[in-house]
Amino acid sequence: MDGRKRCNPRATDSKLGITVKRNKLSNARSDYSLCEILSRQLLKSVIVFLGNRAAARLRPTCKLFDSLGKSLQQFPHFHGSLEDKKTFNSGTNPGQAMGFYATNKSRMAPNLVLAFLQEPSNFHDKNKDLNSLAQRFPHAEIMGCFSEGILGMSHTSAKEIETMDRVPKTALSYGYIPDSVFKSLTFTMEELLQGNISEKMAGACGGKGGIGWKGFLVISTRDCAEALNRLFDELHKTYPYAEVAGGLTTSECGVFGCNRGKSPTHLWSGCTVMCFGGRVKLDTFSVQHDARAVRRSLSKAKHTLSECGLRCACSVLFTCWMRGMQYHGKENVESKEAWKLLKPAPVNGIFAGGEIGPRSSRIRGLRGGPAKVSGFTAVFALISIDSELIQE
């Protein structure tokens with residue numbers, strides 16, 4: 001029998017069928033294509049197991065792999081918007097938000113949300129805002145805070161709001177990043193002082209102490225500033241290669257976190273932590289000088305990411321409340337620099353009462369060093385993914 005003759009397709013997915021095909025492949029005079037050896041269903045199972053990065057790399061191989069990869073690949077998308085709270089619950093059309101988008105057919109529900117809300121006028125509005133946020137993004141891990149000054153994407157550029165508007169605003173960054181793990185956690189002041197944060201994190205993550213977290217965003221109330229040093233020491237001890245960035249909120253309304261499908265947790269005093277794992281990458285650096293230093297550091301960061309085959313999906317800025325109009329002499333300086341150099345990645349963040357990040361502004365391959373609470377600093381956190389996953 002000719003060794004090139006194909007096997008009975010009915011036996012393809014059985015152990016016997018795979019064994020017969022393997023023997024035919026080894027006995028053949030020349031190489032077979034995987035398309036001839038394995039069934040489409042088995043190839044789909046292999047691609048799903050390998051993940052989106054493998055699907056993206058397989059697509060240029062042949063027409064069949066292109067078809068299979070396109071049908072299985074989950075494309076990332078990320079958006080940023082600056083919204084009025086009175087329209088908050090109705091949602092934002094992604095076409096009106098700023099960012100990069102997957103096609104409508106392949107768009108997945110967001111799995112990560114960063115929300116910064118200007119403080120409400122009463123307690124009832126606060127609960128209403130947080131519940132509507134959880135209802136709008138039921139499949140996402142959510143973290144954020146209330147702050148007097150926020151920054152986000154408005155129309156065609158970034159905008160900074162240093163003081164309370166007549167109508168309170170909400171700065172959102174939200175999207176879907178495949179092959180990634182996110183976890184939103186909240187800690188009270190008492191839990192921070194007691195220590196054993198890493199054990200509590202492992203317990204909150206379903207006992208998955210082996211998750212290799214790559215970075216953490218930390219937002220805290222100002223009264224927890226001293227207790228945060230214990231948190232940073234434990235994070236760096238348990239996850240020595242993870243980046244940490246964040247800020248202290250200037251509002252008295254506290255911080256919040258929300259796990260997918262659950263009610264949000266609000267703390268008047270404490271901190272919220274977003275953990276990043278999987279294919280996503282979090283890089284941090286700090287700047288303590290003028291707009292030229294901001295532009296130079298962002299340019300270096302973009303170049304370093306490009307060399308590593310990465311692209312920024314979203315940038316989060318925690319800048320000192322004194323580094324706005326009164327320092328630069330004009331509005332929207334730092335946020336616009338981030339948008340110009342990293343677009344279409346949206347930017348959002350807060351004007352903080354203390355910035356959490358590395359003391360050094362040197363890029364060093366985008367590894368900034370141990371996190372500390374600083375003042376009069378702009379701390380950037382860049383959420384990055386593989387460039388080949390992005391669908392223009």
Side-chain angles (χ1 to χ4, degrees), residues 112-117 141-152 171-173 182-189 191-192 197 201 213-236 238-239 242-251 253-258 265 267 269-277 280-288 314-321 323 334-335 338 347-361 366-383:
L112 175 64
V113 177
L114 306 175
F116 304 106
L117 291 70
E141 296 289 317
I142 305 172
M143 80 168 300
C145 69
F146 293 93
S147 180
E148 182 178 354
I150 61 175
L151 55 99
L172 289 176
S173 284
F182 304 102
K183 191 67 178 179
S184 176
L185 304 172
T186 53
F187 298 99
T188 63
M189 167 82 86
E191 289 175 325
L192 290 174
I197 299 297
M201 290 178 63
W213 297 119
K214 296 183 177 180
F216 304 93
L217 285 183
V218 180
I219 306 175
S220 172
T221 55
R222 283 179 289 181
D223 57 342
C224 295
E226 294 185 6
L228 287 176
N229 290 324
R230 187 189 298 268
L231 171 65
F232 300 152
D233 292 341
E234 196 155 351
L235 287 179
H236 286 301
T238 309
Y239 307 99
E243 297 285 310
V244 180
L248 307 182
T249 176
T250 56
S251 170
C253 290
V255 299
F256 57 87
C258 182
T265 300
L267 296 177
S269 176
C271 76
T272 178
V273 180
M274 181 64 78
C275 311
F276 293 77
V280 70
K281 193 170 186 293
L282 184 72
D283 295 295
T284 66
F285 61 92
S286 62
V287 182
Q288 292 183 317
C314 174
S315 61
V316 189
L317 171 59
F318 301 93
T319 187
C320 179
W321 63 274
R323 287 180 61 89
E334 295 173 350
S335 59
V347 56
N348 76 341
I350 61 171
F351 284 92
E355 300 75 57
I356 299 170
R359 290 281 178 90
S360 173
S361 61
L366 285 185
R367 193 158 297 282
K372 301 291 182 183
V373 179
S374 306
F376 202 73
T377 305
V379 174
F380 289 87
L382 307 184
I383 303 172

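Computed from a predicted structure; not experimentally measured. Atoms considered below: every heavy atom in the structure, side chains included; atoms not considered: hydrogens, waters and symmetry mates.
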Side chain proximity check, Ser269 to Cys224, heavy atoms < 4.5 angstrom: yes
Taking every non-hydrogen atom, the tightest pair across Met274 and Leu112: CE-CD1, 3.7 Å
Aromatic plane relationship, Phe216 with Tyr239 - under 30° parallel, 30 to 60° tilted, over 60° perpendicular: tilted
Closest non-hydrogen atom pair, Asn348 against Ala171: ND2-O, 3.8 Å
4.5 Å side-chain heavy-atom contact, Ile356 and Val244: yes
Any residue meeting side-chain hydrogen bond (donor to acceptor under 3.5 Å, both in side chains) with Thr272, in chain and number order, not counting sequence neighbours: none
Between Gln288 and Thr377, a side-chain donor and acceptor under 3.5 Å: yes
Heavy-atom side-chain contact between Thr284 and Phe380 under 4.5 Å: no
Thr249 backbone acceptor or donor facing Ser147 side chain under 3.5 Å: no
Phe182 CZ to Leu114 CG distance, which is reported to the nearest 0.5 Å: 9.0 Å
Sub-4.5 Å side-chain heavy-atom contact between Leu282 and Leu382: no
Pairwise distance CG(Leu185) to CD(Glu141) - rounded to 0.5 angstrom: 8.0 Å
Non-hydrogen atoms of Ser184 and Met143 that approach each other most closely: OG-CB, 4.2 Å
Pairwise side-chain contact, Ser173 with Cys314, heavy-atom cut-off 4.5 Å (strictly under): yes
Side chain proximity check, Trp213 to Leu235, heavy atoms < 4.5 angstrom: no
Straight-line distance of Phe256 CZ to Ile219 CD1, nearest 0.5 Å: 8.0 Å
Atom pair CG (Asp233) and CZ (Arg230), whose distance is rounded to the nearest 0.5 Å: 9.0 Å
Side-chain donor-acceptor contact under 3.5 Å, Thr250 with Glu148: no
Leu228 vs Leu248, side-chain contact (heavy atoms from CB on, under 4.5 Å): CA-CA, chis, key distance, verdict: CA-CA 10 Å; Leu228 287 176; Leu248 307 182; 3.6 Å; yes
Distance-minimising heavy-atom pair for Val316 and Gly349: CG1-CA, 4.4 Å
Minimal non-hydrogen separation, Cys271 against Ser220, with atom names: CB-CB, 3.6 Å
Working for side-chain contact (heavy atoms from CB on, under 4.5 Å), residues Ile150 and Phe351: CA-CA 6 Å; Ile150 61 175; Phe351 284 92; over 6 Å; no
Point-to-point distance, once rounded to the nearest 0.5 Å, from SG of Cys320 to CD of Glu334: 9.5 Å
Pairwise distance OG1(Thr186) to CD(Glu191) - rounded to 0.5 angstrom: 7.0 Å
Thr221 side chain reached by Leu267 side chain, heavy atoms, under 4.5 Å: no
